[in-house]
Number of protein chains: 2
Amino acid sequence: MKAEKISELTTNRLSVYLRCLGELADEGEETVSSAALAKRFHLNSAQIRKDLAYFGEFGIRRVGYNVEELRDHLVRILGLDRQHRVGIIGSGRLGTALADYYGFRQRNFIVAALFDTDGRKIGKKIGGIDVFDIKGFSAKVKKDKIEVAVIAVPAESAQTVLDIVVKAGIKAVMNFAPVRLKVGGDVKLKTIDLTTSLESLAYFLAGNAKPAGKTVKPKAGKRRN
Amino acid sequence: MKAEKISELTTNRLSVYLRCLGELADEGEETVSSAALAKRFHLNSAQIRKDLAYFGEFGIRRVGYNVEELRDHLVRILGLDRQHRVGIIGSGRLGTALADYYGFRQRNFIVAALFDTDGRKIGKKIGGIDVFDIKGFSAKVKKDKIEVAVIAVPAESAQTVLDIVVKAGIKAVMNFAPVRLKVGGDVKLKTIDLTTSLESLAYFLAGNAKPAGKTVKPKAGKRRN
DNA sequence: TGATGTGAAGCGGTTCACAGCC
DNA sequence: GGCTGTGAACCGCTTCACATCA
């Protein structure tokens with residue numbers, strides 16, 4: 001509640017910086033200036049400096065940033081220096097794909113369990129991970145110390161699932177169902193809406209197909225300036 | 001290039017409105033006011049009106065909007081009134097999950113083909129969809145009139161794949177690889193970065209775990225006001 | 001009267017530009 | 001000299017408030 005001083009846009013960028021630094025470290029770079037970082041990954045150097053400055057003074061004037069050191073800082077700031085256990089609800093194609101997602105492990109996220117309502121799946125293993133009845137969600141969360149829930153169920157059931165998840169004490173949720181969900185303020189809900197992303201591409205194609213004609217027509221002219 | 005008068009934030013919301021209207025239509029509602037829509041789906045009514053007003057005057061004063069009619073308008077604005085053919089590159093778990101994704105079909109997106117470099121997969125069918133050699137991408141795009149590419153390959157290969165895709169004349173790309181990719185201005189690239197989303201949750205958990213102590217420490221006090 | 005459509009104000013994030021420091 | 005850290009300017013999106021009109 002209080003920790004929201006830093007914009008989410010900033011933390012998202014920290015995640016990007018971390019990745020970039022990983023690449024530089026792999027190449028053996030020891031230090032990097034904000035300008036060099038910006039140029040290489042098409043970022044803005046002022047923004048990099050400002051983002052980092054929220055968390056401390058990591059740079060050395062005249063030199064730049066120490067790659068390894070800054071990376072460690074970012075890992076700690078983002079809370080990636082310890083494991084996070086994840087439960088995925090919905091063991092359809094998307095759920096199982098996520099269970100297998102390499103990026104999870106790479107970032108210290110451990111998929112501890114899958115959950116479903118489908119009796120045919122419960123008790124089985126999918127990709128080496130046990131599928132549990134959603135009814136036992138709360139108990140399993142406590143037992144396995146699950147901190148993050150991923151919702152990969154159809155849109156109709158997503159709100160119900162979210163309510164179960166929140167009741168179990170989970171504070172961080174990633175939702176893939178294309179619906180607007182409601183949560184209390186102390187729970188972080190991140191929705192990844194593939195439908196909207198897709199439609200945004202369709203819009204682009206539609207607008208692109210008719211470059212001159214059907215663009216906007218702002219009614220009473222003079223929209224900007 | 002020119003069509004970018006309307007912010008992407010606006011078009012994303014149009015997609016949301018469309019979904020909401022679908023729900024209302026299913027319930028048999030004939031008209032809805034911006035205020036009612038806002039209340040029901042936790043949106044802002046002024047924003048709804050403003051977003052819609054960019055595209056025309058769809059409302060009736062004193063009444064609101066006709067649900068069916070507005071829905072049709074949005075479908076047309078978003079370019080969902082015709083099919084879009086999609087090619088997915090990468091037939092791993094994520095790629096195949098996407099090939100199967102219900103939201104695609106529902107929105108008039110047809111997955112025409114999967115592409116891979118893995119000889120063991122090429123020529124096979126996965127979930128009813130043929131897997132082709134990426135080498136034949138360009139030809140297949142022309143033949144099947146593919147307009148949208150989905151990149152579901154590891155981060156290391158993503159830029160290479162993107163270059164192939166762009167060279168084949170594709171103008172709309174959805175990328176799931178966690179990298180910053182480079183494209184020319186006439187191609188719309190939408191990256192869905194699961195790694196960043198995940199790390200943003202981790203950040204929240206980290207900040208949340210230590211509510212008072214390690215928050216920010218803005219160095220020379222007085223950040224805001 | 002009651003809802004839309006919209007100019008204007010407000011706000012938050014980005015970029016600029018430079019002081020401070022190594 | 002050259003890089004960071006940062007106040008100030010800028011910009012675009014959101015929200016407000018109201019004129020407009022069926």
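Since the structure is predicted, the reported quantities are computational estimates derived from the model, not experimental observations. Values below: all heavy atoms of this structure, side chains included; hydrogens, waters and symmetry mates excluded.
- Between the CD atom of A/Q47 and the P atom of C/dA17 there is a distance of 16 Å, rounded to whole Å.
- With hydrogens and angles ignored, no donor-acceptor pair closer than 3.5 Å exists between the side chain of A/R61 and the base of D/dG5.
- Atoms CD1 (B/I48) and P (D/dT15) sit 11 Å apart, rounded to a whole Å.
- Comparing A/R13 and B/R49 along DNA chain C, the residue whose closest nucleotide (by nearest heavy atom) sits nearer the 5' end is B/R49.
- Protein atom CG of A/L52 is 14 Å distant from nucleotide atom P of C/dT14, rounded to whole Å.
- Remark: side-chain polar atoms of B/R13 are not paired, donor with acceptor, to backbone N or O of B/D51 under 3.5 angstrom.
- Within the 4.0 Å cut-off from OP1 or OP2 of C/dT4, at least one side-chain nitrogen or oxygen of B/S34 is found.
- With distances taken from any side-chain atom of A/A53 to the nucleotides D/dT15, D/dC3, D/dT6, the minimum falls on D/dT6.
- Taking only side-chain atoms of B/N44, from C-beta outward, the nucleotide of D/dC16, C/dA3, D/dG7 with the closest atom is D/dC16.
- In this structure, the CG atom of A/N12 is 16 Å from the C1' atom of C/dG12, given to the nearest Å.
- If you measure from atom NZ of A/K5 to atom C1' of C/dC11, you get 16 Å, rounded to the nearest angstrom.
- Straight-line distance from the CG atom of A/L43 to the C1' atom of C/dT14: 13 Å, rounded to whole Å.
- Judged by closest nucleotide on DNA chain C, B/Y65 is the one of A/I60 and B/Y65 placed further toward the 5' end.
- Fit an axis to the five pairs at each end of the helix from C/dT1-D/dA22 to C/dC22-D/dG1 and the two axes sit 0° apart, to the nearest 10 degrees.
- Without hydrogens or angle criteria, B/R180 side chain to A/F41 main chain gives a donor-acceptor distance under 3.5 Å.
- Ring geometry for B/H73 against B/F58 counts as parallel: the plane angle stays under 30°, on a 0 to 90° scale with 60° as the upper cut.
- At least one donor-acceptor pair closer than 3.5 Å links the side chain of A/S7 to the backbone N or O of A/L9.
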Start with the C-alpha distance between A/R71 and A/L18, add both sets of side-chain angles, then the distance that settles side chain to side chain contact (heavy atoms under 4.5 Å, CB included), and finish with yes or no.
-> CA-CA 6 Å; A/R71 197 158 66 140; A/L18 176 57; 3.4 Å; yes
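- For A/R62 against D/dT4, a side-chain-to-base donor-acceptor contact under 3.5 Å is absent.
- The shortest distance between the side-chain N/O atoms of A/S7 and the OP1/OP2 oxygens of C/dG13 is below 4.0 Å.
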Item to complete: Would you check, one step at a time, whether the test side chain to side chain contact (heavy atoms under 4.5 Å, CB included) holds for B/V32 with B/L70?
Response: CA-CA 10 Å; B/V32 66; B/L70 183 54; 5.6 Å; no
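- No donor-acceptor pair under 3.5 Å is formed between the side chain of A/S15 and the backbone N or O of A/T11.
- Just one of A/V150, A/I89, A/I88, A/V153 meets the side chain to side chain contact (heavy atoms under 4.5 Å, CB included) condition when paired with A/F115; it is A/I89.
- A/T10 comes within contact range of no nucleotide atom at all, as no heavy-atom separation falls under 4.0 Å.
- At whole-Å resolution of the value, CD in A/E8 and P in C/dG12 are 16 Å apart.
- In this structure, the OH atom of A/Y54 is 10 Å from the C1' atom of D/dT6, given to the nearest Å.
- When each of A/F58 and B/K50 is assigned the nucleotide of DNA chain D bearing its nearest heavy atom, the one mapping closer to the 5' terminus is A/F58.
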